[in-house]
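Quick notes on the structure that follows.
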2 protein chains.
Amino acid sequence: MNYADFARQLETINGIPITAFKEDTKEIDWEGVKENIEFLINNGLKVVVPSGNTSEFYAMTLEEAKETTKRIVEYVNGRAIVVVGIGYSVETAIDLGKHAADCGADAVMIHMPIHPYITKEGAIDYFKNIIEALPIPSLIYFKDPHVSDSVLAELAPLEKLVGVKYSVNDLPRFKKTVSDIPKEHNIAWICGTAEKWAPYFFHAGAKGFTSGLVNIYPEKSLELLNALQVNDLETVWKVWHEVLPFEDLRAKYNNGNNVVVIKEAMELVGLRAGVTREPVAALNAEDKEAIGQLIKQWGLQRSEEVLS
Amino acid sequence: MNYADFARQLETINGIPITAFKEDTKEIDWEGVKENIEFLINNGLKVVVPSGNTSEFYAMTLEEAKETTKRIVEYVNGRAIVVVGIGYSVETAIDLGKHAADCGADAVMIHMPIHPYITKEGAIDYFKNIIEALPIPSLIYFKDPHVSDSVLAELAPLEKLVGVKYSVNDLPRFKKTVSDIPKEHNIAWICGTAEKWAPYFFHAGAKGFTSGLVNIYPEKSLELLNALQVNDLETVWKVWHEVLPFEDLRAKYNNGNNVVVIKEAMELVGLRAGVTREPVAALNAEDKEAIGQLIKQWGLQRSEEVLS
């Protein structure tokens, strides 16, 4: 594999698919998962990232995470790049990563360690041990503001580190890190905080962004991506204003609403998302009303062709 | 079981044992784990909490966590109460909790969900589903300031919820919660932020505190507990000043040093702790120097009798 070429392919929307759970049992609704993947691919998504936070990775057992990987690689069937989220202890992450490779996934995204105590050298060891143990390339999901960016600088020379999903909304810090790490290391810099922050991160050197919005309104995410790529600022800010109420609704309750807003919006327009698992419950009446209004305002009426 | 009586037994030091890892392979050093448990019991600890954060729960695989539970219950052998930390997804937490019960553990401590998105109703469902599925009583480890204390108020009537390890250092908030929840629910209120914060939490209604210090200097932890119980404030503040430099060293790097300070201190006095796993690395030279000085200042010279 040419890692540099691969990194360039990641510089687009990194779509995080929701995981459909059945309303009654909260079991995974595999038909729903499949329909959602078809929806993403049919709408032009090039990079799909199962086992992300918006996929409710931490509400699944390890066995469920593995089964999701296996099935989503099958469903995608080469039509997009599949980057699988992995995490937990080093040993568990390597186990999940090897399984992803065995299933035919293209790369992994290593979550920030869930361990409450992290030192700089310890974080370097954590990521490095995982990256070097896997046969497929890795992205790092960098989201803890207390961990130094020098961790990324130390790891950047690793050939198999191909990207960073940067999720600390500190633009000067991000800009400095992108500038300081040599271009020859071929890191794909991805804004990890979606459409709301993408314009600022692109301005500071990002070349792609993550998205949960793609699960419901991929046209808007792609419109934003295209506008950012050609620096059409008029369109950028138009789309940004359109999607802001949605992203702000997701951000409520310290992001508690992150996934449930997407899922309930999907159900409103006839997409199959089901419910969220604990520790996230259904929207309250006020937020339900707000998402209903927004769907109406967006004019989202999906025809059967788009859904299938 | 009389849950009220059991809750009263938790109102003491909840000692979180470190997990000894071998220096070369970072495998669990079972001899070290056993020696540490003996040390805690011989020094008068009444409540032992394996799979806490200071035990590096999140740096272990699920299989290792289960094996640790099994062995520590055996090592303790009825000489103290064993409360086992459990967490991850609801299904995984229930699996870990049932395993703990099967091993003969007395109770579980449910970690705050690691899921990055938490809603109030979702948190209630998370804890309730786990508490009700287990045959042994539960404590909640409450540490996310963004989650409302009304979650605790909702859950307090559950008979099998016997305690809260409260780890948000907001004393007025804690006081109000303790006051608002009826005494008849028999909740053991435990300060979850150890010796440094215990005096303030006791003043606000706590009746016990967690401790990592017990792994190295249990006499001091017990001196503090006894002084707090009889409201001997002179001794309270004396001990508090003595342990503060240790706790402050543990708090460095956004608590990155939490466990490694204990482990390196233990090694310095001849206790068997080994190394920390990723994402925590060894102390830097400055911190190593500081812990060496403190051990000297404390006059910690352990005789063979205390160690065995």
Side-chain angles (χ1 to χ4, degrees), chain A residues 26 53-54 56-65 87-93 95 111-130 143-148 151 167 250 252-261 276-284 287, chain B residues 26 53-54 56-65 87-93 95 111-130 143-148 151 167 250 252-261 276-284 287:
Chain A
K26 296 198 178 178
N53 283 333
T54 300
E56 297 176 76
F57 176 55
Y58 291 115
M60 288 197 263
T61 64
L62 296 177
E63 292 71 27
E64 286 178 321
Y88 302 103
S89 73
V90 169
E91 192 176 335
T92 307
D95 179 53
H111 282 266
M112 205 80 197
I114 51 170
H115 201 287
Y117 314 127
I118 305 180
T119 65
K120 192 183 83 174
E121 295 299 330
I124 292 168
D125 292 345
Y126 178 89
F127 289 119
K128 191 173 183 176
N129 290 344
I130 297 169
K143 71 175 290 190
D144 185 338
H146 300 289
V147 175
S148 167
V151 167
S167 303
R250 294 179 65 196
K252 278 181 85 168
Y253 319 119
N254 190 40
N255 286 316
N257 265 2
N258 182 290
V259 186
V260 65
V261 161
T276 48
R277 283 188 179 171
E278 308 86 350
V280 178
L283 290 177
N284 62 30
D287 295 344
Chain B
K26 295 197 179 179
N53 283 333
T54 300
E56 297 176 77
F57 176 56
Y58 291 114
M60 289 197 262
T61 64
L62 296 176
E63 292 72 27
E64 286 177 321
Y88 303 104
S89 73
V90 169
E91 192 176 334
T92 307
D95 179 53
H111 282 267
M112 204 80 196
I114 51 170
H115 201 287
Y117 314 127
I118 304 180
T119 65
K120 192 183 83 175
E121 295 299 330
I124 292 168
D125 292 344
Y126 179 89
F127 289 118
K128 191 173 185 176
N129 290 343
I130 297 168
K143 71 175 289 193
D144 185 339
H146 300 289
V147 175
S148 167
V151 167
S167 304
R250 294 179 64 197
K252 277 181 85 168
Y253 320 118
N254 190 41
N255 287 316
N257 265 1
N258 182 290
V259 186
V260 66
V261 161
T276 48
R277 283 188 179 172
E278 308 87 348
V280 178
L283 290 178
N284 62 31
D287 295 342

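Labels below follow one simple rule: chain letters A, B, ... track the order of the sequence lines, proteins then strands, and each chain is numbered from 1. Fair warning: this is a prediction, and the values are worked out from it, not measured in the lab.
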Can you tell me how far the [atom1] atom of [X] sits from the [atom2] atom of [Y], to the nearest 0.5 Å?
X: A:Asp95; Y: B:Thr61; atom1: CG; atom2: OG1; answer: 9.5 Å
X: B:Leu283; Y: A:Glu121; atom1: CG; atom2: CD; answer: 12.0 Å
X: B:Glu278; Y: A:Ile118; atom1: CD; atom2: CD1; answer: 12.0 Å
X: B:Thr276; Y: A:His115; atom1: OG1; atom2: NE2; answer: 8.0 Å
X: A:Lys252; Y: B:Thr119; atom1: NZ; atom2: OG1; answer: 12.5 Å

Between [Y] and [X], is there a side-chain heavy-atom distance shorter than 4.5 Å?
X: A:Thr54; Y: B:Tyr117; result: yes
X: B:Glu64; Y: A:Ser89; result: no
X: A:Tyr58; Y: B:Pro116; result: yes
X: A:Tyr88; Y: B:Ile114; result: yes

Side chain, backbone, both or neither of [X] within contact of chain A (heavy atoms, under 4.5 Å):
X: B:Lys143; result: side chain
X: B:Val280; result: both
X: B:Asn284; result: neither

If we define contacts as heavy-atom pairs under 4.5 Å, which of A:Val259, A:Val260, A:Asn255, A:Thr92 has the most with chain B?
A:Asn255
So which atom in B:Pro113 and which in A:Pro279 form the shortest heavy-atom distance, rounded to 0.1 Å?
CB-CG, 3.7 Å
Flag if over 12 foreign heavy atoms under 6.0 Å of NZ, B:Lys26:
yes
